[in-house]
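Data block below; observations after.
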Amino acid sequence: MQRILFLTERYPPDAGGVSASAARIAQSLAALGAQVDMVAWTRSLQAGQVTRDEGNPTAYRIGRFREWDTTMPHTLNLLDWLASMAPYDLVWGHYLSLAGFLAVWFGRLNGLRSVVSIRGNDLDRDVFPPGDFARLQWTLAHASSVTAVTRDLVRKAQALSGREDVVHLPNAVDGARFAPAPEAGAAVRARLGIAAGESILGFCGELREKKGLAHLLDALAAVRRVRPGRLLLIGDVRPSEMPRLVQWIGPGPIEEQIIVTGQLATPEAVNAHLQACDVYLQPSLWDGMPNALLEAMAAGCGAISSDAGGIPEIITPGVDGIIVPRWQLHRLGEAVLEWLDADPAHRGRIRSAARARMVAEFSPERERQALQSLLGRIIPSSSQTAASVAPERSQV
């Protein structure tokens, strides 16, 4: 049995797309027959505290310190301890910075092959600060294999590193858990006190500037000028953005304009809330391949999104969704009103096409097949692996 050490910046129950994709990929690797040890940083534990959840994957969570230069050596101590108990065949960094860097560094120190998984913001953001840029280049140059969640990120990683072997490994969505369920949506609307005829704009995740917070609020205002409407935020507002949100809303309870669910416990609960939306919005300023958008489309929502990152790889405009270019996001409200006023049959065709594309092109089965192929290339046999990486260890 192959043993894989998997490092990630987030892992359930922590929220976010990186957390969800880390869990899904680790579980797929386990389903392919590997023993996966997951190491994830979290702010839910005291700094330096480590917890362990048995299973496959086995999850080790380590409390983050305020500074990364303290967190990283503590994490290396944990990795050394894990490796001392049984050898690993591969170390996987899920997020280019900093999990990817640590995975490659630990791999080179211990004669292990390494995989780095680029998710989006980890490259688009960290390519600019000079210190991070050097670390990104080193990580990409020394990883045994690099995957990227979008073709856009493949192109950027190739331009940054010069390597031509970056593997396109898109996200996946469980079409059984995220599926049309009108009765569930009606029940959510009733429980939340949503009136008949009230238009509900949906967004899922952590609302912040990167995800187009200002454009979401402007679109909501545009809708409310002509008809009753609210924003259903399936998730939370980033704490640093809350003062801005309260200032925008003005006097009166926030619930009169925005319903904030908080983090929901299960995918089924998320799907039920998606069913309550008349339109789903993803006006990201930059992004990778947002899990939330895949889930909304699989759930049969009509989606209006920006063209950030790999989103054009998900949506064909006018066929299975609507795209508003980033430089025209000030017109997002117009696009929402056009959608709400469109012929119901037209909206139904787009929603059906969105779900069909998710099921056909972004299924967990396709992701698992791609992972199996990747593992077959990286770890052809334990003897070959040891022979090919042993010289690196002696040089460190």
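- A heavy-atom distance below 4.5 Å is not found between the side chains of L153 and V166.
- A donor-acceptor pair shorter than 3.5 Å cannot be found between the side chains of D278 and S199.
- Salt-bridge formation is not detected for the pair D122/R119: no Lys NZ or Arg NE/NH1/NH2 atom is positioned less than 4.0 Å from an Asp or Glu carboxylate oxygen.
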Requested in this report: Could you go through the side-chain contact (heavy atoms from CB on, under 4.5 Å) check for N291 and V173 one step at a time?
Outcome: CA-CA 7 Å; N291 287 277; V173 59; over 6 Å; no
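- Rounded to the nearest 0.5 Å, atoms CG (L78) and CZ (F106) are 9.0 Å apart.
- Checked by atom type and distance alone, the side chain of D126 never pairs as donor or acceptor with a backbone atom of L123 at under 3.5 Å.
- Using a 4.0 Å cut-off between charged nitrogen and carboxylate oxygen, R331 and E334 count as a salt-bridge pair.
- Checked against side chain to side chain contact (heavy atoms under 4.5 Å, CB included), M1 has the following partners two or more places apart in sequence or in another chain: Q35.
- The two residues P283 and L329 have their closest heavy-atom pair at O-CD1, 3.8 Å.
- Contact detail for A26 and M38: the closest heavy-atom pair is CB-CE, 3.3 Å.
- Within a 6.0 Å radius of CD in E365, other residues, nucleotides and ligands contribute more than 12 heavy atoms.
- The shortest side-chain heavy-atom distance between F6 and V39 does not fall under the 4.5 Å cut-off.
- Across all non-hydrogen atoms, the minimal contact from F362 to P170 is CE2-CB, 4.3 Å.
- In terms of the side chain to side chain contact (heavy atoms under 4.5 Å, CB included) criterion, A20 has no residue partners (sequence neighbours excluded).
- For R52 and Y60, the positive end is not near the middle of the six-membered ring at less than 6.0 Å and at most 45° from its axis.
- Under the 4.5 Å side-chain heavy-atom criterion for ILVMFWY residues, a single connected hydrophobic cluster contains both V260 and M242.
- M72 and F65 are assigned to two separate hydrophobic clusters, defined by single-linkage of ILVMFWY side chains at heavy-atom distances under 4.5 Å.
- The pair R347-D343 does not meet the salt-bridge criterion, since no charged nitrogen lies less than 4.0 angstrom from a carboxylate oxygen.
- Using modelled atom types, one finds a donor on one side chain and an acceptor on the other under 3.5 Å when comparing D37 with Y88.
- Checked by atom type, the side-chain pair R326/S284 shows no donor-acceptor distance below 3.5 Å.
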Acceptor/donor pairs from residues 211-218 side chains to any protein atom, 3.5 angstrom cut, sequence neighbours excluded:
residue, atom, partner, partner atom, Å
K211, NZ, D287, OD1, 3.4
K211, NZ, D287, OD2, 2.9

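- In this structure a side-chain-to-backbone donor-acceptor pair under 3.5 Å is present from D174 to A176.
- Between the CG atom in L169 and the CD1 atom in I25 there is a gap of 5.5 Å [rounded to 0.5 Å].
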Requested in this report: I would like to know whether L32 and Q2 meet side-chain contact (heavy atoms from CB on, under 4.5 Å); could you show each step before the answer?
Outcome: CA-CA 10 Å; L32 290 170; Q2 297 170 347; over 6 Å; no
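- V18 forms part of a hydrophobic cluster together with Y95, judged by ILVMFWY side-chain heavy-atom separations under 4.5 Å.
- Although no hydrogens or angles enter the test, the distance criterion places a donor-acceptor pair under 3.5 Å between the side chain of Q263 and the main chain of P13.
- Using a distance-only test at 3.5 Å, with no hydrogens or angles considered, no donor-acceptor pair links the side chain of R377 to the main chain of S145.
- The main-chain N or O of E67 is found under 3.5 Å from a side-chain atom of T71 such that the two form a donor-acceptor pair.
- Between the E9 side chain and the L98 main chain, a donor and an acceptor come within less than 3.5 Å of each other.
- In this structure, T58 contributes its side chain and E54 its backbone to no donor-acceptor pair below 3.5 Å.
- Considering only heavy atoms from C-beta on, I304 stays 4.5 Å or farther from Y280 through its side chain.
- When the side chains of ILVMFWY residues are joined at heavy-atom separations under 4.5 Å, either directly or via intervening members, F178 and V359 end up in two distinct hydrophobic clusters.
- Atom CD of Q275 is separated from atom SG of C301 by 6.0 Å, given to the nearest 0.5 angstrom.
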Query raised in the report: Please walk me through it: do D132 and R125 pass salt bridge (charged side-chain N to carboxylate O under 4.0 Å, His left out)?
Result: CA-CA 9 Å; D132 291 337; R125 178 192 62 198; over 6 Å; no
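- Taking the side chain as every heavy atom from C-beta outward, L293 and S305 approach each other to under 4.5 Å.
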Under 3.5 Å, sequence neighbours excluded: what are the donor-acceptor pairs made by side chains of residues 179-191?
residue, atom, partner, partner atom, Å
R189, NH1, A276, O, 2.8
R189, NH2, E198, O, 2.8
R191, NH2, H273, NE2, 3.2

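- The side chain to side chain contact (heavy atoms under 4.5 Å, CB included) test applied to S44 returns D14, T42, not counting sequence neighbours.
- In this structure, OG on S161 lies 14.0 Å from NZ on K156, to the nearest 0.5 angstrom.
- Judged by distance alone, with hydrogens and angles left aside, the side-chain atoms of H142 form a donor-acceptor pair with the main-chain N or O of W138 at under 3.5 Å.
- Residues L220 and L231 come closest through the heavy atom pair CD1-N, 3.7 Å.
- Cluster membership for L79 and W81, using ILVMFWY side-chain heavy atoms within less than 4.5 angstrom, is shared.
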Query - side-chain contact (heavy atoms from CB on, under 4.5 Å) between R177 and N271, intermediate numbers included - result: CA-CA 7 Å; R177 286 182 159 179; N271 185 67; over 6 Å; no
Report task. Carefully, step by step, assess R357 and V319 under the rule side-chain contact (heavy atoms from CB on, under 4.5 Å). Result -> CA-CA 10 Å; R357 183 172 187 179; V319 176; over 6 Å; no
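- Residues V115 and L375 have side chains not in contact (no heavy-atom distance under 4.5 Å, counting atoms from C-beta outward).
- Pairing each heavy atom of S97 with each of L136, the nearest pair is CB-CD1, 3.9 Å.
- W41 and T75 share a side-chain donor-acceptor pair at under 3.5 Å.
- A salt bridge does not link R3 with D89: none of the charged nitrogens is closer than 4.0 Å to a carboxylate oxygen.
- A salt bridge links E206 with R238: the distance from a Lys NZ or Arg NE/NH1/NH2 to an Asp or Glu carboxylate oxygen falls below 4.0 Å.
- Looking only at distances, no side-chain donor or acceptor of R24 sits under 3.5 Å from a matching main-chain atom of S19.
- At least one donor-acceptor pair under 3.5 Å links the side chain of T261 to the backbone N or O of G235.
- Cation-pi geometry between R64 and W68 is met: under 6.0 angstrom from the ring centre, within 45 degrees of the axis.
- Side-chain contact check for W92 versus S117: some heavy-atom pair is nearer than 4.5 Å.
- Nearest heavy atoms, V149 versus M289: O-CE, 3.6 Å.
- The line from CZ of R151 to CD of E313 is 5.5 Å long, rounded to the nearest 0.5 Å.
- Residues L285 and S306 are not in side-chain contact: their nearest non-hydrogen atoms beyond the backbone lie 4.5 Å or more apart.
- Residues T8 and R10 have side chains that never bring a donor and an acceptor to within less than 3.5 angstrom of each other.
- Between Q137 and V127 the shortest side-chain heavy-atom distance does not fall below 4.5 Å.
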